[in-house]
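As structure tokens, the structure follows; a few thoughts come after it.
All values below come from the heavy atoms of this structure, side chains included, with hydrogens, waters and symmetry mates left out.
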Amino acid sequence: MTFVRVAIDVPVHGLFDYRVEDGEVRPGQRVAAPFGVRTLVGVVVETGVEPAVAPSRVRLARRLDDIPALPPTWLELMRFCASYYQHPPGAAFCAALPAMAKSARPVSHMLWSRVALQPGYPQPAKRERTRRALIEALAAAPRFGCDLAAISPKAMDILEEWQGAGIVAEAPRAALEVGPAPPLTDEQSQAAHRIAGSLAPPRFGAYLLHGVTGSGKTEVYLDAIARVLAAGRQALVLVPEINLTPRLKTLFETRFPSSRIVMLHSSLSESERLHQWLLAHTGGADVVLGTRMAALAPLARPGLIVVDEEHDASFKQQEGMRYSARDIAVYRARLEQVPVILGSATPSLESFAHATSGRYERLRLLRRAVTDAVLPTIRLLDLTTAPQNHGVATTIWSEIALRLERGEQSLLFLNRRGYAPVLSCASCGWVSACSRCTAYLVMHRARGQTEGGTLRCHHCGHAEAVPARCPTCGNVDIRGYGQGTQRLEARLAEAYPGARVLRVDRDSTSRKGSAEALLDQVHAGEADILVGTQMLAKGHDFKNLTLVAALNVDAALLSADFRASERLFAQLTQVAGRAGRADKPGLVLIQTRQSGHPLFQALLSGDYDRFATRLLAEREAAGLPPAGYQAMLRAEARGLDAALGFLASAAEAAPPMGQGVTVYDPVPMLITRLKDVERAQLMVESPSRPHLQAFLTRWVDWLSAHAPSSVRWHVEVDPLVI
Ligand code: ADP
Ligand code: ZN
Ligand code: ZN
């Protein structure tokens, strides 16, 4: 009999003690533990503990043996996350587990083991359908086994029987094969050489791979991954967009045909996710490719972590435990003693500052990798003087026409989906507002639809038909103001009747697999003009795209968020980088009313360093990140007064808890009402990370004890959006 401390998925800042009877228990094993009247699955974080209450009152937990113990470094990583992000430890541990691993229903080992058919295996009789299907699947995937669950619920039992009979056996690890790769450019091989220095033997090293768009950062990752795989270790590769994973997976599979590549992202089914996660955990996977959640996946033999487009905001988890997958990747690399590569054309100011201070080693790629591919020419179109048509400068219209003649593709970047951002009545001033949120209802119209449409709230999902007349004054002349991607698409189709216009945004790609299908169409040259939101800006390598036009970028320049210009610079660099990636030169047109803004000057000259150095100096002068550290306390309640009142009492209680910490006044959030809940926030700031951390720990205790039940609250450390 032994006492263990267990992380259980409940919103309480603490761990729970249990007794375990049968045999030895190790940290990292799962247990089924009684909790109140329920039984919950938890992770053992410590064994042989002195129980916090009288031993006779400690309840009995049952050890679960179906998943091997999670590794010690993983437990350490989760402990760090819980304390750094001020998250209940049980919830932190469990945030990293697939739902099916949080259930006490056993998971079969055979699901993930690498089994292979042995020579001379028998052919099942024709009527033995399941057995035949299983044999076929195993024969088709001789190296990796197959997804048994997809074949039949009985497949597991059969396989166990076969393993006993010697019909299948654990597959030997294949020798590494590396498919054909282009010879690296000088810049690439220099970068690769530096990284290789941390790979054999593996040790911690943080590399900021700062390469212009199209400079071939992926080949540098692949070079490092090849070395990692040759050493029998695993590579973890994080990317910002789910849509980027399928192409990257194919690329990795072609390059490393003997290696197993798995994907972890939010659109997997629960059983798929469990399967991929188990492969990462048990070492069946050689490369784990995924979005931010993959940063928390357990790895059996880690050798390298890559974060592609490290500046991207999607690495920040926006609910539950609000972590930065990029920051976790760096912490984890140190913990596992492996190198981490952060790649970007426009590094985050945080990473730039680390490179400047020498904590990260910066590796520059200044030229495009493909011979003859040069960076695109960028031109500003000053909307205060330039002639325009439907809000788009006439120069853009004529450049599109030129591309159509030449059979090249154009991309119009408009970060605003829907048909029109708001519907309004010209006679009484009525505007379409969401009744549940502080937001306008956006007008949507399907392709080809010229009347009516739907009003949608982009925040709560509320949808209603566009009214025939003004709900307040009855006027029939109500219109959509402004332009979203759907309206732009319609106008382009009208202006260029023969052209194939393709829109790529969250609405056109909402069905599973549809984003992939649309992107395949673009690559196959089945589109002449692309209209897209930032979804299209990231990472894609369209060979025949020679014109990029960015519309409506000014909103970001007027934002109150101090990170807005950093983000806009990155976004414009990214989208501009889609142009001219092969041997045809690219042209980028940006229309703006603020052509004098220093951001544009930096963009035109391609001088990221000067821009970043200036921003950094501004941040230092103001004590803003990365020169200072921030956390946000947010409160939600039915009434705004309740939310603000709670924050005010939290601010009042704060001073004795932290030295060197500034507590600001509570303010309503920008979108104050969301789904009928009022929201307010309160910022705390400190020039010292340890001071801020020590303060938050004490403050969160206070908040847990004093928050009224009518208020929901959370703390976000290192908030990205203010
Ligand atoms: P980045 O991620 O830096 O924007 P990519 O990795 O997408 O750039 O590479 C851009 C293009 O350059 C791709 O088409 C890639 O196949 C090609 N490429 C990369 N390295 C080389 C190389 N050494 N020789 C030839 N082509 C290369
Ligand atoms: Zn009206
Ligand atoms: Zn709403």
Q: Write out all pairs satisfying side chain to side chain donor-acceptor pair (under 3.5 Å) with one or both partners inside residues 385-398, taking only residues at least two apart or from two chains.
A: His390-Arg491
Kindly write out the residues that satisfy ring pair (Phe, Tyr, Trp, His ring centres under 6.0 Å) with [X], not counting sequence neighbours, or none if the list is empty.
X: His523; answer: Phe542
X: His597; answer: none
X: His311; answer: none
X: His459; answer: none

Are any of the side-chain nitrogens in [X] or [Y] under 4.0 Å away from the carboxylate oxygens of its partner?
X: Arg203; Y: Glu336; result: no
X: Arg689; Y: Asp718; result: yes
X: Asp507; Y: Arg417; result: yes

Would you find a donor on one side and an acceptor on the other, under 3.5 Å apart, between the side chain of [X] and the backbone of [Y]?
X: Gln317; Y: Arg292; value: no
X: Arg619; Y: Pro625; value: yes
X: Arg233; Y: Pro302; value: yes
X: Gln409; Y: Val522; value: yes

Scan [range] for pairs that pass salt bridge (charged side-chain N to carboxylate O under 4.0 Å, His left out), counting only residues two or more places apart or in two chains.
range: residues 188-199; result: Arg194-Glu361
range: residues 222-231; result: Asp223-Arg227
range: residues 379-396; result: none

Quick one: are [X] and [Y] in side-chain contact, heavy atoms under 4.5 Å?
X: Leu342; Y: Val340; value: yes
X: Thr485; Y: Leu488; value: no
X: Pro202; Y: Gln337; value: no
X: Leu304; Y: Val237; value: no

Set of residues satisfying salt bridge (charged side-chain N to carboxylate O under 4.0 Å, His left out) with respect to [X], sequence neighbours excluded:
X: Arg367; answer: Glu187
X: Arg506; answer: none
X: Glu526; answer: none
X: Glu253; answer: Lys249

Under a plain distance cut-off of 3.5 Å, with no hydrogens placed, do [Y] and [X] share a side-chain donor-acceptor pair?
X: Thr291; Y: Glu241; result: no
X: Arg368; Y: Thr213; result: yes
X: Arg326; Y: Ser348; result: yes
X: Glu219; Y: Gln188; result: no
X: Glu685; Y: Tyr629; result: no

Q. Less than 6.0 Å separating the ring centroids of Phe352 and Tyr608?
A. yes
